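Below you'll find the structure, written out as C-alpha cells, and then a few comments.
All values derive from a computational prediction rather than experimental measurement.
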Protein chains: 2
Amino acid sequence: MNDFTSPGDHVKHIAESTVRRLSLYLRFLEDHDAQGHVTISSGELAKFGGTTSAQVRKDLSFFGSFGKRGMGYTVKDLMSAIREILGLGRSWSVVIVGAGKIGAALAQYRGFSTRGFKVVGIYDADPAKIGTPLNSLTVCPDSALESDIARLKPEIVVLCVPPEAAQTLVDRVTGAGIRAILNFASVPLQAPEGVTIRAVNMAAELEILTFGITNELNGLDEDVEP
Amino acid sequence: MNDFTSPGDHVKHIAESTVRRLSLYLRFLEDHDAQGHVTISSGELAKFGGTTSAQVRKDLSFFGSFGKRGMGYTVKDLMSAIREILGLGRSWSVVIVGAGKIGAALAQYRGFSTRGFKVVGIYDADPAKIGTPLNSLTVCPDSALESDIARLKPEIVVLCVPPEAAQTLVDRVTGAGIRAILNFASVPLQAPEGVTIRAVNMAAELEILTFGITNELNGLDEDVEP
DNA sequence: CCTTGTGAATCGTTTCACAGCC
DNA sequence: GGCTGTGAAACGATTCACAAGG
C-alpha cells in the first residue's frame, strides 16, 4: 500500500526512538538500493539497525503497511515512504548561529546537503569572525539575525554558541518565527509552546561512556589492567 | 549513608536516561555552586533539567542517599558524589580518529579539557592532512594508531571518519585495547562484547526535527492540563 | 514454504503517594 | 512545615506469537 498519508488520518504519538530508527533504516535502504537490491526483509533491516524484525515491523506499522507478506519490502518504495514520513520530501533551510569551531565545521559539513538541508546563513556576535568565508557563505553579524530570518524564512536554527548566550538566542530566533532548533550548547534550553528543541550534548555522551567504563570495572567480571 | 558503592552490592542496570540526567544535574550544580548557593532541593534541580522532583530523587536513589530530609542536598557534596558516579573523579585520555572538519573542531573543543578529558592524539589516513597543527597537537598518520594506543593507553576514541571507513577503524582500535568509542559517523557500528559505543548522529537529530515540524503541520495537537 | 502486520504479554521507566526524618 | 527516599501504580516501549496472505 502506498497511502501512508491518508487525509484526515489522526496520528497517535510516535516515540522518538521510533523516529530515530526510521532514520537509520532509510540510510541502510539507500545503501541497499545503490547496491542494486530490489527487496529487503524486516530481518535484514533489523540486523543493520541493531534491533529486531518485530521492532522494524512495529515501527513501520504506525504509518501504514508497506510490505508484501512472504516477500518483504520493495527497497525503493520503502525509501520514499520513510522519506515522506520524516518530512524529507522537501528541502529545508538551516541557519547556523555561532561561527566558532563547531559552527564553522557544521557550515562545511556535507551531510547537510546530501539530505536536503541547505545552510543559508551563519552568524556570530564576534566582530573578528564577521566576514570570514566558509564554503559559499560568509559569517554575518548576529545583529542581522532577525531581519535575515524574516527574509530567508529558514525552518531550522542550529545553535553553536557558548552556553551563557544560548537562551537569549533561543528567545530571539523563536521571536523571529523559528520553530525548530538543534542545540549544540551543553545547557538545557526553554522554548515557547510549539517550538521543538533537540540537544546534542557531547559532554553528556562522553560522561555516559565514562560511567559505562567505570561501572564495568566496579561491578562486572572484567579483569583490571595492573 | 554516603556509600553509593556498598561492597557486595551487585549494581542493578542503570538506564541511559538516568545517566544523561545526572550529567545535566552536575552542570547545574556547578553553576549553582559558582553562584555561592550552599544547598539545593530536588525541585530546583528538576526545573533546570526539565524533569520532576520525583525523577531527580529516583535517579539519585540508585546510587545512595545524598540529601537531608527537610533540607535538600548540599551542593558541594552532591557535585562530588555525581562526579564520582559518572567516573569523573579521574582524568581520561582521548584519541580522535579523522582530522576532517568535525575531527579538527573537536580537537580544539574546550569542552573536553574542562571536564577532565585530555586529547592526546589525532589521526588521519589522508597524507595531505598529516602534519597539520591543531592546538598543541599534530595530525598523525593513522598507521601509527595501534602503536600509539599501546603507548599512550587512551581510554576513549572519538571517531570522525567517513561512514565507509568507520567499521574498519572500530575493529582496529578495539583490537588495540580500546573499550569506549564515541562515533560521529552516521552509521551503526558493531563492537565486541565489553566495548561501549555511543553514536552522535546529526542527520538523525535533524530528521527528528523535520518529523516534528511535519507532523505538527498535519494537525496533531496536544492538550495541556491546567 | 516465506514474511508481514498486529493484538497480547512482557519488560522497563516514570509518576504517585506517603512514611520517615530534619 | 518542608523535603527526601522508596515501594506501588501507571504508563509506555519492546517482544512475543500467531493469523493472514503472497
Side-chain angles (χ1 to χ4, degrees), chain A residues 1-4 6 9 11-22 24-25 29 32 37-75 77-78 81-82 85 208, chain B residues 1-4 6 9 11-22 24-25 29 32 37-75 77-78 81-82 85 208 211 220 222-225:
Chain A
M1 283 296 128
N2 44 12
D3 62 328
F4 49 86
S6 357
D9 218 0
V11 186
K12 73 172 70 170
H13 180 253
I14 302 295
E16 179 190 308
S17 50
T18 292
V19 181
R20 173 171 279 118
R21 283 190 300 266
L22 288 174
L24 278 183
Y25 303 156
L29 288 165
H32 222 244
H37 294 93
V38 176
T39 61
I40 192 169
S41 69
S42 56
E44 291 173 280
L45 271 167
K47 220 174 83 193
F48 177 81
T51 181
T52 65
S53 62
Q55 180 76 79
V56 171
R57 296 197 300 276
K58 186 64 102 183
D59 286 340
L60 295 172
S61 77
F62 294 126
F63 302 96
S65 99
F66 307 104
K68 287 187 184 62
R69 290 164 200 247
M71 298 274 114
Y73 302 86
T74 303
V75 174
D77 291 355
L78 189 55
I82 295 180
I85 292 166
I208 295 171
Chain B
M1 51 187 117
N2 289 343
D3 62 328
F4 49 85
S6 341
D9 211 4
V11 184
K12 71 173 73 168
H13 179 254
I14 302 295
E16 179 190 309
S17 50
T18 292
V19 182
R20 173 171 279 117
R21 283 189 299 265
L22 289 175
L24 278 182
Y25 303 155
L29 287 166
H32 223 243
H37 295 94
V38 176
T39 61
I40 191 168
S41 69
S42 57
E44 291 172 279
L45 271 166
K47 220 173 84 193
F48 177 81
T51 181
T52 65
S53 62
Q55 180 75 80
V56 171
R57 296 197 301 276
K58 186 64 105 180
D59 286 339
L60 294 172
S61 77
F62 294 126
F63 303 96
S65 96
F66 307 103
K68 287 189 183 64
R69 291 164 202 246
M71 298 273 113
Y73 303 86
T74 303
V75 173
D77 291 355
L78 189 55
I82 295 181
I85 292 166
I208 295 171
F211 175 84
L220 177 60
E222 202 174 337
D223 43 356
V224 185
E225 204 170 17

Exercise for the section: Enter the distance from A:Ile40:CD1 to A:Leu45:CG here, rounded to the nearest 0.5 Å. Expected result: 4.0 Å

Exercise for the section: Verify side-chain contact (heavy atoms from CB on, under 4.5 Å) between A:Leu29 and A:Val75, making sure each step is shown before the conclusion. Expected result: CA-CA 6 Å; A:Leu29 288 165; A:Val75 174; 4.1 Å; yes

Problem - Residues from residues 52-61 of chain B lying under 4.0 Å of DNA chain D - heavy atoms - result: B:Arg57, B:Lys58, B:Ser61

Handout entry: Heavy-atom closest pair, residues A:Ile85 and B:Phe211
Key = O-CD1, 3.3 Å

Exercise for the section: Please report, rounded to the nearest Å, how far the C1' atom of D:dT4 is from the CG atom of B:Leu45. Expected result: 13 Å

Problem - Those residues of residues 37-44 of chain B lying under 4.0 Å from DNA chain D by at least one heavy atom - result: B:Ser41, B:Ser42

Practice task
Taking all non-hydrogen atoms of both residues into account, name the closest pair between A:His32 and A:Thr39 and its distance.
Solution key: CE1-O, 3.9 Å

Handout entry: Below 4.0 Å: OP1/OP2 of D:dG2 and any side-chain N or O of B:Tyr73
Key = no

Exercise for the section: Of all the heavy-atom pairs spanning A:Phe66 and A:Leu60, show the shortest one and how long it is. Expected result: CE1-O, 3.5 Å

Problem - Rounded distance (Å) that lies between atom C1' of D:dT14 and atom NE2 of A:His13 - result: 16 Å

Practice task
Please name all residues satisfying side-chain contact (heavy atoms from CB on, under 4.5 Å) with A:Thr18, sequence neighbours left out, ordered by chain then number.
Solution key: A:Ile14, A:Ala15, A:Arg21, A:Leu22, A:Asp59, A:Phe62, A:Phe63

Exercise for the section: Could you list where the contact with chain A starts and ends along DNA chain C, reading 5' to 3', using a 4.0 Å heavy-atom cut-off? Expected result: C:dC2 to C:dA8

Exercise for the section: Rounded to the nearest angstrom, tell me the gap between atom CZ in A:Arg21 and atom C1' in D:dT15. Expected result: 12 Å

Exercise for the section: Indicate whether OP1 or OP2 belonging to D:dT4 is found under 4.0 Å from a side-chain N or O atom of B:Ser65. Expected result: no

Exercise for the section: Please step through side-chain contact (heavy atoms from CB on, under 4.5 Å) for the pair A:Ser41 and A:Glu44, ending with a clear verdict. Expected result: CA-CA 5 Å; A:Ser41 69; A:Glu44 291 173 280; 3.4 Å; yes

Exercise for the section: Using side-chain hydrogen bond (donor to acceptor under 3.5 Å, both in side chains) as the criterion, list what pairs up with A:Tyr73, not counting sequence neighbours. Expected result: none

Exercise for the section: Between D:dG21, D:dT14, D:dT15, spot the one nearest the side chain of A:Ser17, thanks. Expected result: D:dT14

Exercise for the section: Calculate the interatomic distance between B:Met71 atom CE and D:dG5 atom P; express it in whole Å. Expected result: 13 Å

Got a list of side-chain donor-acceptor pairs under 3.5 Å for residues 47-54 of chain A, not counting sequence neighbours?
| unit_1 | atom_1 | unit_2 | atom_2 | d |
| --- | --- | --- | --- | --- |
| A:Thr52 | OG1 | A:Gln55 | N | 3.1 |
| A:Ser53 | OG | A:Arg57 | NH1 | 3.3 |

